[in-house]
Amino acid sequence: EEQEGQARFDAVIAQDSRIEPRDWMPEGYRKTLTRQISQHAHSEIIGMQPEANWITRAPSLKRKAILMAKVQDEAGHGLYLYSAAETLGTPRDVLNEQLLSGKAKYSSIFNYPARSWADMGAIGWLVDGAAIANQVPLCRASYGPYGRAMVRVCKEESFHQRQGFEILLELAHGTEAQKKMAQDAINRFYDPALMMFGPPDSDSPHSSQSMLWNIKRFSNDELRQRFVGMIAEQVKVLGLTLPDPELRFDEETGKWIHKELDWVEFKAVIAGNGPCNAQRLERRRVAHSEGAWVREAAAAYAEKMARKTE
Ligand code: FAQ
């Protein structure tokens, strides 16, 4: 049966078609997807914190309403992704426990502080921008529930990116102090946003297998240089600059060249030692325990309804 399953799986991948939850799949494929999708879900949930931090300080009612909607969207993405991850067999409470215990990773970017209102602009423009560049190809991921989830998530991320860009555009056209605040936010978020694409290809243990399985379609470095090319153009519209003196388009290779990133810092951040790791996890633990009554009430209600229909 295993041989038959493997043959069918190989054929589906070769046709660039989709694997669905009830299909046979190699254990490695299940494991890789569970890791990537749950890490992605955790990122969405932890990623609510830096922006939630600014909801009460948004400069106008309109900005506050937009930011609240954006943060709620991230919660939706997280729940959607946990559901996709669960179809691979690991229950949500187990995934959640991996996050709360610090065992599971989530995106490095969310371990940096959001210091000013302009950071809401930089996060929308650069962080959601990097998320889109990484996730558009994932819409074609071979695992059905993940690919389909990505379609909807990317649509919402595009709106998020525009709202971030628009915050920066307004600040860039404001007073000198506002312009400086926008530039400072870009200066702080540029390197961490580029690191969102993962380690360099030469140091990316999962890439080659994930590409053979049609989960990833492009390598980490390939997507990173594409993203740099996009923002290199967009920053001109803002009248601001990217903190990268080496940034240029290389005619010969048709690729964007950017500065070397600090991979020692990256490794420290994903190992739990970034500026906000402890604070982010602590906040999540508190939120989870404060939500216990909701989970208990929902379970009790479900049980009551099940008894009624018996
Ligand atoms: N941070 O071999 P690779 C968002 C880990 S967007 C932390 O290259 P892979 C939207 C990796 O897991 C952010 N860990 O791995 C939003 C692996 O761990 P292991 C989330 C990282 O999987 C915006 C190890 O390093 N997006 O949330 C990072 O082939 C605003 C080796 O790396 C996604 O998750 C990192 N940056 O490629 C929300 C996208 N990079 O096995 C709120 C889906 C790597 O040692 C506000 N994920 N690692 O435990 C992916 O596309 C891939 O997983 C990559 C990494 C590209 C991130």
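Whatever order the structure lists ligands and atoms in, that order sets their numbers, starting from 1.
- Interface of Ile270 with ligand 1, defined as ligand atoms under 4.0 Å from a residue heavy atom, comprises 1 (N), 7 (C), 14 (N), 25 (O).
- When each atom of ligand 1 is checked for a heavy atom of Gly47 under 4.0 Å away, the hits are 42 (C), 46 (C).
- Salt bridge status for Arg162 with Glu157: absent, with no side-chain N to carboxylate O gap under 4.0 Å.
- An N or O contact shorter than 3.5 Å is missing between Asp128 and ligand 1 by distance.
- The closest approach between a heavy atom of Lys70 and any atom of ligand 1 is below 4.0 Å.
- For Gln225, the side-chain contact (heavy atoms from CB on, under 4.5 Å) partners two or more places apart in sequence, or in a different chain, are Glu222, Lys255, Trp256.
- For ligand 1, the atoms lying closer than 4.0 Å to a non-hydrogen atom of Gly198 are 40 (N), 44 (C).
- In this structure, atom 29 (O) of ligand 1 lies nearest to the protein heavy atom Lys216 NZ, 2.7 Å.
- A salt bridge is absent between Lys70 and Asp73; no separation between the charged side-chain nitrogens and carboxylate oxygens falls under 4.0 Å.
- Looking only at protein heavy atoms, the nearest one to atom 13 (C) of ligand 1 is Ser107 CB, 3.6 Å.
- Using 4.0 Å as the threshold, Glu157 has a heavy atom nearer than that to some atom of ligand 1.
- Every atom of ligand 1 is numbered from 1 in the order shown, and the set under 4.0 Å from a heavy atom of Met195 is 36 (N).
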Identify all side-chain donor-acceptor contacts of residues 298-309 below 3.5 Å with residues at least two apart in sequence or on another chain.
unit_1: Thr309; atom_1: OG1; unit_2: Met305; atom_2: O; d: 3.4
unit_1: Thr309; atom_1: OG1; unit_2: Ala306; atom_2: O; d: 3.0

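- For atom 39 (C) of ligand 1, the closest non-hydrogen atom of the protein is Asn134 OD1, 3.0 Å.
- Remark: Asp203 engages Lys267 in a salt bridge, criterion side-chain N to carboxylate O under 4.0 Å.
- The ligand atoms of ligand 1 that sit less than 4.0 angstrom from a heavy atom of Tyr146 are 43 (C).
- For the pair Lys105 and ligand 1, the shortest N or O to N or O distance falls below 3.5 Å.
- Residue-to-ligand polar distances place Ser108 within reach of ligand 1: an N/O pair is separated by less than 3.5 Å.
- For the pair Gln135 and ligand 1, a heavy-atom separation below 4.0 Å is found.
- Under the 4.0 Å criterion applied to side-chain N and carboxylate O atoms, Lys180 and Asp184 are not assigned as salt-bridge partners.
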